[in-house]
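Everything on this sheet refers to the single structure shown next.
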Amino acid sequence: MTATAPNGIEGLVGREPIGAALAVGRKGDRGAPVERDRFHILLPAAQLREIAGRQNTVRDPHPSFAPYNTAEPDRRKMVLARLAHARIAECFEYRRQAQVLPELVHPRRAPVCQGDGRRARRYSADRQDYIEIPCPGERCPYAQKSSDSKPPACKPWMRFLARFDFPRGADGRGLPNIPFKYASGSWNTVKNFLGFFEGFGAACRNLGVEPDAIPLFGLPVALTLQERTDPGQQRRFPVVSIVVAGDQDLIAWIGFQLGRLAQLSTRRPIAAIEDLGADPDFDLISGPVEARVPGA
C-alpha cells in the first residue's frame, strides 16, 4: 500500500496578497521623485536598483494598470476605493519614522527608528535588534531641519490599505479592483487621513457605539491628489486627502451597518496592517525620497 504524500509544511504561514501599490510620483533617472502631480499604480514589491550611482528601492509600473498609468495627468488625480477591513487599526497606521540615521542603517533596509512622541524603538547595530528608548517627538535632534535645507531624518509616516473601486465599462470589464497599499511621509497627508478616521470615530460615538463595533467593510472613499505651495519657500508639494465617496452619507452608512451587524462577518477579506510586517514602504512617500545609505 502506497502512503499518501504529506501535504503542508510545519510552521509555514501563508501571506495574504496585496496586489498593488499606489504612489504619488515615481523615481526619476537621478533617484528623486518626478511626476508628483499624478498617482501611479505600481507593483507591490520593491526592488533594489542602482540609480545615479546609488542603490535605490524602486517599484515598477503594474502591467494590469497600464491604461491608468499612461492616461493624462488630470485623469490621475483621484482614485476610488472601498475599505475592506473591520477595524481602523487593520487598514491605517501612522507614526514618526527614520529610515536611516547618521552612521546607522538597518542591514535589511528597514526603518532604524520608529516612535510616537512618547516611546520609540531604535535599531542597535551592536545587538542587531531593536531596543526601546524614550521618544522626544518634535524635540528629537533628528527631527530638526539642517542648515543645508535637507529634510530631517525623523519624519511622519503612514500606511493605508484598501481595495480599488474602478467602475465597470459597458462590456462589464475594467481595471482590476484588487487590494492596494498607499504610504506617505507628508505631514499634511497624514493629518488628512487621521482626520478622516477620527471623524468616523466621532460619528460612531454620536450614534452611541464604539468605532471598533462598526465594520468598515465596503465604505466607499475617494483619494484626491492636490498640489500646494509653501508660501515661505515658494515650493510646490503634493497632498492627498481622503473623503467618503460619491453621495454616500457617513451617518446613514453607519446606521445601515448597525442594522446588519448580525450578518457581517468580522473576518477581513484582505491582509491587515499586522500581516505586512516590515514591508519596505518607506519609498512610497509624498515628498523627496532620501533612502540613501551613508557613505554609499
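This is a predicted model, so every value here is computed, not measured.
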**Request:** Assess whether side chain to side chain contact (heavy atoms under 4.5 Å, CB included) is satisfied between L175 and F164, documenting all intermediate values.
**Result:** CA-CA 9 Å; L175 296 175; F164 288 124; over 6 Å; no

For residues 130-137, which side-chain N or O atoms pair as donor and acceptor with protein atoms under 3.5 Å away, sequence neighbours left out?
residue, atom, partner, partner atom, Å
Y130, OH, P111, O, 2.5

**Asked** Are any non-hydrogen side-chain atoms of L250 and L219 less than 4.5 angstrom apart?
**Response** yes

All N/O donor-acceptor pairs, side-chain side in residues 112-120, below 3.5 Å, sequence neighbours left out:
residue, atom, partner, partner atom, Å
Q114, OE1, R121, NE, 2.8
Q114, OE1, R121, NH2, 3.1
Q114, NE2, Q97, OE1, 2.9
D116, OD1, R118, N, 2.8
D116, OD1, R119, N, 2.9
D116, OD2, R118, NH2, 3.1

**Message:** If we ignore hydrogens and angles and just use 3.5 Å, is the side chain of Q128 paired with the main-chain N or O of S124 as donor and acceptor?
**Reply:** no

**Message:** Can you list everything that forms a salt bridge (charged side-chain N to carboxylate O under 4.0 Å, His left out) with D60? Sequence neighbours excluded, please.
**Reply:** R49

**Prompt:** For the side chain of Q248 and the backbone of V244, is there at least one donor-acceptor N/O pair under 3.5 Å apart?
**Reply:** no

**Message:** Could you tell me if the side chain of Y182 sits less than 4.5 Å from the side chain of M158, heavy atoms only?
**Reply:** yes

**Asked** Between R26 and V34, is a side chain to side chain contact (heavy atoms under 4.5 Å, CB included) present by the stated rule, with each step listed?
**Response** CA-CA 6 Å; R26 62 177 180 82; V34 297; 3.8 Å; yes

**Asked** Do F237 and W187 have side-chain heavy atoms sitting under 4.5 Å apart?
**Response** no

**Request:** Decide whether L161 and L43 are clustered together by the hydrophobic rule: side chain heavy atoms of Ile, Leu, Val, Met, Phe, Trp, Tyr closer than 4.5 Å, transitively.
**Result:** no

**Message:** Applying ring pair (Phe, Tyr, Trp, His ring centres under 6.0 Å), can you list everything that pairs with H62, at least two apart in sequence or on another chain?
**Reply:** F65

**Complete:** Quick note, ring-ring contact (aromatic ring centres under 6.0 Å, His included) partners involving residues 25-55, not counting sequence neighbours, are none

**Steps toward side chain to side chain contact (heavy atoms under 4.5 Å, CB included) verdict (F166, L80)** = CA-CA 6 Å; F166 289 107; L80 298 177; over 6 Å; no

**Item:** Under 3.5 Å donor-acceptor, R76 side chain and A71 backbone
**Value:** yes

**Message:** Could you go through R96 and E138, starting from their C-alpha distance and side-chain angles, then the distance that decides it, and tell me whether this counts as salt bridge (charged side-chain N to carboxylate O under 4.0 Å, His left out)?
**Reply:** CA-CA 10 Å; R96 289 180 170 275; E138 287 294 324; 2.4 Å; yes

**Item:** Validation row: C204, E210 side chains within 4.5 angstrom (heavy atoms)
**Value:** no

**Request:** Apply side chain to side chain contact (heavy atoms under 4.5 Å, CB included) to E198 and I88, showing your working.
**Result:** CA-CA 10 Å; E198 287 180 339; I88 294 173; over 6 Å; no

**Asked** Take atom CG in D29; do more than 12 heavy atoms of anything else shown fall under 6.0 Å from it?
**Response** no

**Request:** State, yes or no, whether a side-chain contact exists between C91 and L216 at a heavy-atom distance under 4.5 Å.
**Result:** yes

**Message:** I'd like to check the ring pair (Phe, Tyr, Trp, His ring centres under 6.0 Å) partners of Y94; sequence neighbours left out, ordered by chain and number.
**Reply:** F92

**Request:** Please work out whether the ring planes of F160 and F180 are parallel, tilted or perpendicular, with thresholds of 30° and 60°.
**Result:** perpendicular

**Item:** pair F196-S241: side-chain heavy atoms closer than 4.5 Å
**Value:** no

